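These notes are about the structure you will find just below.
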There are 2 protein chains.
Amino acid sequence: MMDRYHLRYFLAVVDHGNFSRAAAHCNVAQPTLSVGIAKLESALGTKLFVRTNQRVELTVAGARFLNYARRIEGEFNAAQRAMAQTAPAALFRVGVLGSIPGALIARAVAASLAVDPSLRIEIVDGSERELSAHVARGRVDCAVTLIDRGSDRFEEELLFEEGYALALWADHPRAAEAVVQGEDLAADTMIVRRHCEALGETSRHFTERGVRPRFSYRSTNDERVLALVAARLGITIMPDCFEAPGVARPRLSGFTLRRKIGVAYTLESHASGVSTHPFLQTLREMAPALNV
Amino acid sequence: MMDRYHLRYFLAVVDHGNFSRAAAHCNVAQPTLSVGIAKLESALGTKLFVRTNQRVELTVAGARFLNYARRIEGEFNAAQRAMAQTAPAALFRVGVLGSIPGALIARAVAASLAVDPSLRIEIVDGSERELSAHVARGRVDCAVTLIDRGSDRFEEELLFEEGYALALWADHPRAAEAVVQGEDLAADTMIVRRHCEALGETSRHFTERGVRPRFSYRSTNDERVLALVAARLGITIMPDCFEAPGVARPRLSGFTLRRKIGVAYTLESHASGVSTHPFLQTLREMAPALNV
DNA sequence: GTCCATCATAGATTTTATCTATGCTGTTGG
DNA sequence: CCAACAGCATAGATAAAATCTATGATGGAC
C-alpha cells in the first residue's frame, strides 16, 4: 500500500539526484531509502527510476508520478499548517546534551516560564547520538547539542563556542595558576566524565606527555563530579561552562580542543517556527556570556 | 507524523458516524481505529471529533480537516490508478480455502492459462480466518472462501452452494444407499479433516445420536484423506464437491449443514477490476456444475 | 436496576520500517 | 591494468509501531 513516507523518499531522490544524499536528507540510512523506493515501485507496479551507478533518473512513469507526489505531499503540509493555527498551547520538547550544565538549562527554563507561565516545556537529555535520533524521528522539536560536525542532516544554529579546562579544588597546588602543564599533574588522581565528547582527546593528551593518570571515579553526572572535585577526590577536565563553588578552572597547556554548542532542528520543525520559542530566545540571550 | 492510514481512519469515521463501524470498514479492530484517530489528533494538535456515546460528530477543526483529508486520499487513489495503466502484466494473487479441492483450482488455473499463457497467477491456501487477514491486508487480490458469514467486511460474490456428504469406500456396506443413518455408522472408524469448517457440527451430529466414533487419522490434507478412505482406513464427512475413484458419497440423514463458496474482495481491489480476471471468469463457468 | 452499545485503555503480539554490515558494479586516478 | 571509490542492492538483526485481544468505563434503553 502506497504510504506517505514513500512519497517523501521519492521526492528526496528526485530533488537530490541520488539515493545516498536523499537518504541523508530524509534522516534515514541509504538501504532504508533503497527498499522504500523498491516498495513504492512494487506498490505502483512500475519502475520509477533508472539506476545507473553514476546517477538515477526518472523513468517516464516516474516523471508522471512526480506530479502526483508533489501535489500530495504539498497537501499534507498545507493541512498540517492549516490545523496548526487552531492548535492550542503546544508542548515544546527539547533534547539537551548530557555534558551541558543542568543549571544552565534550569535558568533558561525558569526565565522563559517567567515570561509566559502557560508554556509547557519538556526536557530530555542524552548523548549527541541519542539526540540526533530524537530530532530525526521528531521525538523532540529541537536539541541543544554539539553542532558543526559535518553531517548536514539538520538545520543548525550556533549558541556559543568554548574550550575545555581543568577542574581542581580551590587550594590545589596549581589552582591559582592560569595555565597548568600536563606533566605537573602526574601525581594527581583523575575523575572520568564518561559521557564527555572530549574523552578520547583527553587521554591522548596525557599519553603523549608520558603521564599515566590513576582514576578515582567514573560518572556521567557532572554535578556530582564537581562536588567530588571540590571534595578533593580527584581532578578532571570539562567544558568551560561548568563552574561550582570550591572548584578552580585553570587551562591545561596545549589542550586546544573546542566545541560548539547550538540548536539542531529538522527542516520541518524549523520551518514551522519552533525556533521562535521563548525558551530558545532565552538561551540566545544567555549564550554570548558563555563564549570563551 | 501524519500518515496516510490516519486519513483513511478519519474518513471512515466521518462516513460511518461511529468508530466501530468505521473499524469494520477499514478491516481493523475498533481499538486500532481508536488509537489511530488519537494519534492523528495529537499530530494535528487538535481534537477532530466530539465523542458522545451515542454518536461522534466533527469539531470545527475536524470539519476543516475533512476537506484536506478527502482531497489527499483522492489524489492517492488517482495516482495509483494513473500508474496502474502503465503497469505491466500484473501478478494475480488469490487465496483459496483449504477445504476446497485442489483439483478444482488446478482446473481453473489450467483453463485460464490456456486462454492467456502470459498470465501470472499465485495461489496461497489457508483457513477462512487466515484468508480474511490476507484479503484485508492486501496480501492477496481476492480469496475463494466461505461467504455469507455476516461480517460485511468484504465485497462478496457467490460461486456455488453445496452440502456435506459421507465419504465411504466403494464396497462399504452402506455405499450403495443414497442416504445413510448416523446410527448405522456406530461401528465405523472415522477420519478427522482437521481444517474442516463443519467439524463442530459433525461431532455434535453423532453425539446427539448416541454414536461415539473412533478415529483412525487426523489430517488437513483432503487428497490424502480421500486416498485413505478408498483404502478402507476409515470414513469421513466432507463437502459435496470432493470426489475420487473408489469413494462413494451418500448423504448423511439429518445432516443439513450447507456452505456457500464465493469470492471475497476488498472494496479497492474490487473497484480496480480484479473481478474480471480470467481465472475468476473460469471459476464462474465451472461453479454452476457444483451447486447441489 | 440490568442489558446493550459505544469508545478508551493496557499488555501482548505481529508486522514493518529501519539499521548495520556486506556485496556488487561501474568509474576514476595512478 | 589495478586499486580505490562512489553508488545502489541484499541479508539479517533490531527497534518501532501498528494491531490485536481482553477489559474497563460511560451513558442510554427497557
Side-chain angles (χ1 to χ4, degrees), chain A residues 1-10 12-14 16-43 47-59 62 126 129-130 132-140 151 153 266, chain B residues 1-10 12-14 16-43 47-59 62 126 129-130 132-140 151 153 266:
Chain A
M1 170 74 60
M2 184 173 20
D3 220 340
R4 188 184 176 185
Y5 75 97
H6 293 128
L7 301 187
R8 282 204 304 272
Y9 289 177
F10 173 75
V13 173
V14 172
H16 292 91
N18 77 51
F19 281 37
S20 307
R21 272 195 297 278
H25 190 262
C26 293
N27 292 313
V28 297
Q30 170 264 314
T32 299
L33 196 131
S34 213
V35 315
I37 296 290
K39 289 247 180 72
L40 178 59
E41 291 179 325
S42 127
K47 282 264 173 291
L48 296 170
F49 295 106
V50 183
R51 282 87 154 167
T52 78
N53 52 2
Q54 204 52 13
R55 66 176 168 285
V56 295
E57 53 188 56
L58 284 169
T59 61
R129 208 188 147 71
E130 291 167 334
S132 289
H134 286 155
V135 173
R137 301 298 189 73
R139 284 192 286 257
V140 296
S151 83
R153 302 170 64 189
T266 57
Chain B
M1 170 74 61
M2 183 173 21
D3 220 337
R4 188 186 177 182
Y5 74 96
H6 293 128
L7 301 187
R8 281 204 304 272
Y9 290 177
F10 173 76
V13 172
V14 171
H16 293 90
N18 77 52
F19 281 38
S20 309
R21 272 194 298 278
H25 190 263
C26 293
N27 292 313
V28 296
Q30 170 264 316
T32 299
L33 196 131
S34 212
V35 316
I37 296 289
K39 288 248 177 72
L40 178 59
E41 291 179 325
S42 129
K47 282 262 173 294
L48 296 170
F49 296 106
V50 184
R51 280 87 154 168
T52 78
N53 51 2
Q54 205 54 13
R55 66 176 166 286
V56 295
E57 51 187 58
L58 283 168
T59 62
R129 208 186 149 70
E130 291 167 333
S132 289
H134 286 156
V135 173
R137 300 300 189 70
R139 285 192 284 259
V140 295
S151 82
R153 302 169 64 188
T266 58

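Computed from a predicted structure; not experimentally measured.
- For A:Arg4, the side-chain hydrogen bond (donor to acceptor under 3.5 Å, both in side chains) test picks out A:Glu73, A:Asn77, with sequence neighbours left out.
- Judged as a side-chain hydrogen bond (donor to acceptor under 3.5 Å, both in side chains), and not counting sequence neighbours, B:Ser20 has no contacts.
- Spacing between atom CZ of B:Arg21 and atom C1' of C:dC7 amounts to 13 Å, rounded to whole angstrom units.
- With distances taken from any side-chain atom of A:Thr32 to the nucleotides C:dA8, D:dG7, C:dC19, the minimum falls on C:dC19.
- Residue B:Asp3 contributes atom CG, which lies 8 Å from atom P of D:dA18 at whole-angstrom precision.
- Nucleic acid contact class of A:Arg129 (heavy atoms, under 4.0 Å, all strands): sugar-phosphate only.
- Every pair passing side chain to side chain donor-acceptor pair (under 3.5 Å) that includes a residue from residues 22-36 of chain A is listed here, sequence neighbours excluded: A:Asn27-A:Arg153.
- The listed nucleotides are D:dT19, D:dA9, C:dA8; the one nearest the side chain of B:Gln30 is C:dA8.
- OP1 or OP2 of C:dA8 sits under 4.0 Å from a side-chain N or O of B:Arg51.
- Nearest heavy-atom pair, A:Glu41 versus A:Leu48, reported as atom, atom and distance to 0.1 Å: OE2-N, 2.8 Å.
- The ring pair (Phe, Tyr, Trp, His ring centres under 6.0 Å) check on B:Tyr9 picks up B:Tyr5, with sequence neighbours excluded.
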Letter per nucleotide, 5' to 3', of nucleotides 10-15 of chain C [B base touched, S only sugar-phosphate touched, - untouched; heavy atoms, 4.0 Å]: ------
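- B:Val35 is linked by a side chain to side chain contact (heavy atoms under 4.5 Å, CB included) to nothing, counting only residues two or more places apart in sequence or in another chain.
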